[in-house]
Amino acid sequence: MRYWLMKSEPDVFSIEDLKKKKSEHWDGVRNYQARNYMRDEMKRGDKVLFYHSNCKPPGIAGIAKVVKESYPDHTAWDKKSPYYDAKSNAENPRWFMVDIAFVKKFKNYLSLHELKNIQKLSEFKLLQKGNRLSVFPIEKAEFEYLQELGEKV
DNA sequence: GCCAACGTTGGC
DNA sequence: GCCAACGTTGGC
């Protein structure tokens with residue numbers, strides 16, 4: 001099993017939305033590296049840290065899991081979609097997505113500010129300068145540590 | 001709203 | 001294949 005972090009803007013889709021919907025397809029990723037992770041490496045059952053970006057305050061909100069492995073992101077060939085890409089079509093899809101399901105919302109929201117102060121996480125990719133990837137792998141130890149921290153009251 | 005840090009595009 | 005211009009992300 002592998003571990004991941006996925007970013008979402010809560011104004012668009014938050015962990016509460018995921019909780020209500022139970023599961024959701026992760027459409028709209030238009031970055032090749034993030035796509036490759038989803039298309040090639042994410043497997044059913046993998047655990048995901050759900051990160052809230054572009055909000056106040058940004059941070060890790062909870063946990064999700066992969067419930068469906070990669071398949072073409074059809075929003076890429078929907079002209080009405082904000083994620084439309086003329087270079088992608090059903091015969092030769094360029095973009096892929098997975099489905100994730102709600103696991104839990106942290107009792108203790110882990111704000112980015114707070115995480116930055118933890119010495120142990122100095123190597124954590126999320127905290128590294130210039131990291132704009134919306135999907136990336138994390139270490140098992142990092143996941144377990146953050147999960148524990150998030151469940152602490 | 002600003003802007004640093006990327007990623008992508010397209011002319012050459 | 002280089003690289004300038006442009007677009008996007010996302011913290012602050």
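The structure displayed is predicted, hence computed values, not measured ones. Naming: A, B, ... by sequence-line order, numbering from 1 per chain.
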Exercise. Please give, in whole Å, the distance from B:dA5 C1' to A:Lys7 NZ?
Worked result: 12 Å
Restricting to nitrogen or oxygen on both sides, can you table the protein-nucleotides 1-3 of chain C pairs closer than 3.5 Å?
none

Exercise. How close or far is atom P of C:dG11 from atom CG of A:Asn117, stated in whole angstroms?
Worked result: 16 Å
Distances for protein N/O vs nucleotides 7-10 of chain B N/O pairs under 3.5 angstrom?
{"unit_1": "B:dG7", "atom_1": "O4'", "unit_2": "A:Arg132", "atom_2": "NH2", "d": "3.4"}

Problem set entry | Short N-O contact, A:Lys21 and A:Glu24, less than 4.0 angstrom | yes
Exercise. Ignoring hydrogens and geometry, is there a side-chain-to-backbone donor-acceptor pair from A:Asp46 to A:Lys43 under 3.5 Å?
Worked result: yes
Exercise. Taking the inter-plane angle between the rings of A:Trp26 and A:Phe13 on a 0 to 90° scale, is it parallel (under 30°), tilted (30 to 60°) or perpendicular (over 60°)?
Worked result: perpendicular
For this session: Decide yes or no for A:Trp95 and A:Asn31: does some side-chain heavy atom of the first lie under 4.5 Å from some side-chain heavy atom of the second?
Result: no
Problem set entry | Within residues 112-152 of chain A or reaching into it, pairs that qualify as ring pair (Phe, Tyr, Trp, His ring centres under 6.0 Å) - sequence neighbours excluded | A:Tyr3-A:Phe143
For this session: Using a strict cut-off of less than 4.0 Å between a Lys/Arg side-chain nitrogen and an Asp/Glu carboxylate oxygen, indicate whether A:Arg30 and A:Asp73 qualify as a salt bridge.
Result: yes
Exercise. Are there more than 12 heavy atoms of other residues, nucleotides or ligands under 6.0 Å from atom CD of A:Gln128?
Worked result: yes
Exercise. Which part of the nucleic acid, if any, lies within reach of A:Lys56 when heavy atoms closer than 4.0 Å are counted: base, sugar-phosphate only, or nothing?
Worked result: nothing
Exercise. Does the distance from a Lys or Arg side-chain N to an Asp or Glu carboxylate O, for A:Lys107 and A:Glu151, drop under 4.0 Å?
Worked result: yes
Problem set entry | Euclidean distance, atom NZ of residue A:Lys129 to atom P of B:dC6 [Å, nearest integer] | 8 Å
